[in-house]
Protein chains: 2
Amino acid sequence: MSDSARKSRPAARAPLDRRRIAQTALQLIDHHGLARLSMRQLGSALGVEGMALYHHFHGKGELLDAVLELLLEEMEPAIGLEPPIERLRQTFEACRQVAIRHPHAFLLLPTRRFNTEAALNYYERLLGLFREVGCDAEQSARFFRVLAGFVTGASLAEIGSRAKQPDATPIRLENFSDPERYPLVSAVALHLQVERLDAIFGFGMDLIFAALREQTSPI
Amino acid sequence: MSDSARKSRPAARAPLDRRRIAQTALQLIDHHGLARLSMRQLGSALGVEGMALYHHFHGKGELLDAVLELLLEEMEPAIGLEPPIERLRQTFEACRQVAIRHPHAFLLLPTRRFNTEAALNYYERLLGLFREVGCDAEQSARFFRVLAGFVTGASLAEIGSRAKQPDATPIRLENFSDPERYPLVSAVALHLQVERLDAIFGFGMDLIFAALREQTSPI
DNA sequence: ACCTGAACACCGTTCAAGT
DNA sequence: ACCTGAACACCGTTCAAGT
């Protein structure tokens with residue numbers, strides 16, 4: 001009808017680009033899990049053959065790195081008027097929130113190497129926060145490893161408690177509360193229920209940030 | 001030749017059992033990575049069709065749980081004459097050593113649910129150690145989450161530093177030491193080199209165990 | 001009881017061909 | 001420039017059939 005370069009096809013979709021592809025991939029991962037993301041399925045979710053995606057990414061690995069970049073955007077180091085140590089804590093809290101929001105995709109964070117430019121820029125900003133807190137390079141390395149280790153490890157564990165994993169051996173969760181066979185596991189499991197995870201995570205953060213406060217003086 | 005029930009086939013292999021299958025699977029994972037383990041390949045490494053494995057495991061998930069059990073055997077909670085807090089620390093140090101020894105298989109630990117009987121028994125013994133240290137159920141839950149979180153998270157990060165991951169985007173590691181573009185990343189990366197990882201891990205453990213010592217008195 | 005062979009419904013990736 | 005179709009070499013899993 002019109003004079004412009006509209007496609008004649010009925011469902012004229014927007015042209016693909018890396019960002020839109022990665023966003024759709026993240027949605028699929030959120031819904032169906034990381035293992036079930038396939039190039040073919042992703043293509044058809046975008047109204048295209050799977051093979052078309054290879055024009056935008058060199059392979060599935062590069063696509064997953066783009067999804068990881070979306071996660072990093074959701075945990076951008078906070079800038080603001082709060083004391084830097086507060087902003088540092090907020091940033092790592094945001095990391096845990098990303099794990100809760102994207103339990104399947106979160107595995108990309110500890111699993112894929114940070115080779116993207118966006119990832120290196122993310123690191124650079126995060127380390128800027130450590131520096132504002134008063135860390136020199138060595139202290140940054142140490143506290144970064146402790147904080148990032150605890151946050152990703154604890155978040156992975158939370159993902160395990162919150163979600164179901166279907167293909168496990170037939171032993172059932174009831175065993176967790178079989179005080180006859182596993183008295184200690186049963187007693188401790190009570191304190192690891194979902195509604196207590198906020199407090200437990202806060203306990204670990206308090207512990208690490210107390211040490212950070214002791215060993216540094218803000219610039 | 002002999003009178004017993006020897007097979008007539010030339011390469012009479014030992015009969016399959018779950019443990020031997022899982023051990024071979026772990027070897028294959030160590031050599032070629034978790035993603036490349038397939039039932040067919042595992043079968044042929046055992047001199048059998050892949051489909052034969054389904055007589056011993058209900059599916060690949062159950063097989064992976066059996067591999068996880070092999071890892072747990074390598075980090076068995078220490079029993080001995082040392083103070084319990086020392087044995088607790090040794091147990092988590094052993095966890096890191098497992099990550100270094102089995103960098104690909106280690107991902108099973110934070111990724112698969114502990115539904116096996118062997119895994120629940122492992123937990124029970126580990127929590128026994130927390131109890132010996134003087135933790136009540138709530139303290140066990142808190143320090144278990146902090147310790148296990150830090151150890152698995154930091155170990156995953158170490159695996160990333162130590163090993164290569166082939167299918168990433170073309171950005172190269174040289175960028176880590178490009179002080180023009182990433183000054184903080186470059187400065188901190190110096191302190192995260194492989195030969196310093198022992199000390200950094202020890203720093204985190206010291207931090208957590210100091211708090212554990214403060215908040216408990218051994219029974 | 002234990003294993004095989006064929007089959008089904010999928011994968012990632014390459015590549016010539018289309019428009 | 002961007003996408004398609006067919007092809008290649010794989011997957012996990014099921015199931016009837018063999019021994």
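Per the geometry, CD1 belonging to A/I21 stands 11 Å off C1' belonging to D/dC2, to the nearest Å. Rounded to whole Å, atom P of C/dC3 lies 12 Å from atom CZ of B/F57. Atom pair A/L42:CG and C/dC11:P shows a separation of 11 Å (rounding to whole Å applied). The CG atom of A/L64 sits 14 Å away from the C1' atom of C/dC11 (whole-angstrom rounding). Put simply, NE2 on B/H55 is 12 Å from P on D/dT14, counting in whole angstrom units. The separation between B/M51 atom CE and C/dC8 atom P is 14 Å, rounded to whole Å. Atom CZ of A/R40 is separated from atom P of C/dC10 by 11 Å (rounded to the nearest Å). For the pair A/M39 CE and C/dC15 C1', the interatomic distance rounds to 16 Å; values are reported in whole Å.
A/G59 comes within contact range of the sugar-phosphate backbone alone, with a heavy-atom separation under 4.0 Å but no base atom that close. Nucleic acid contact class of B/L63 (heavy atoms, under 4.0 Å, all strands): none. Residue contacts shown for A/L37 are limited to sugar-phosphate atoms, with no base heavy atom under 4.0 Å away.
Nearest nucleotide to the B/V48 side chain, out of C/dT4, D/dG12, D/dC3: C/dT4. The side chain of B/Y54 lies closest to D/dT14 when the candidates are D/dT14, C/dT4, C/dT14. Residue A/H56 has its side chain nearest to D/dC3 when only C/dA7, D/dC3, C/dC3 are considered.
Nucleotide C/dC3 forms a pair with no other nucleotide shown, judged by Watson-Crick or G-U wobble geometry with both contacts under 3.5 Å. With a cut-off of 3.5 Å on both pairing distances, C/dA17 has no Watson-Crick or G-U wobble partner at all. Under the Watson-Crick or G-U wobble criterion, with both distances below 3.5 Å, D/dC8 is paired with C/dG12.
A cation-pi contact, defined as under 6.0 Å to the ring centre and within 45° of the axis, links A/R96 to A/F201.
The side-chain heavy atoms of B/M205 and B/L147, taken from C-beta on, include a pair separated by under 4.5 Å.
A distance-only check finds no donor-acceptor pair linking the side chain of A/T116 to the backbone of A/A119 [under 3.5 Å].
The aromatic rings of A/Y123 and A/F114 lie tilted to each other, with the angle between the two planes from 30° to 60°. Using bins of under 30°, 30° to 60° and over 60° for the plane-to-plane angle, the ring pair A/F130/A/F144 lands in the perpendicular bin.
When the C1' atom is compared between C/dA16 and D/dC2, the two are found 15 Å apart, to the nearest whole Å.
A residue-by-residue look at B/Q41 and A/E49 shows that A/E49 has its nearest nucleotide of DNA chain D further toward the 5' end.
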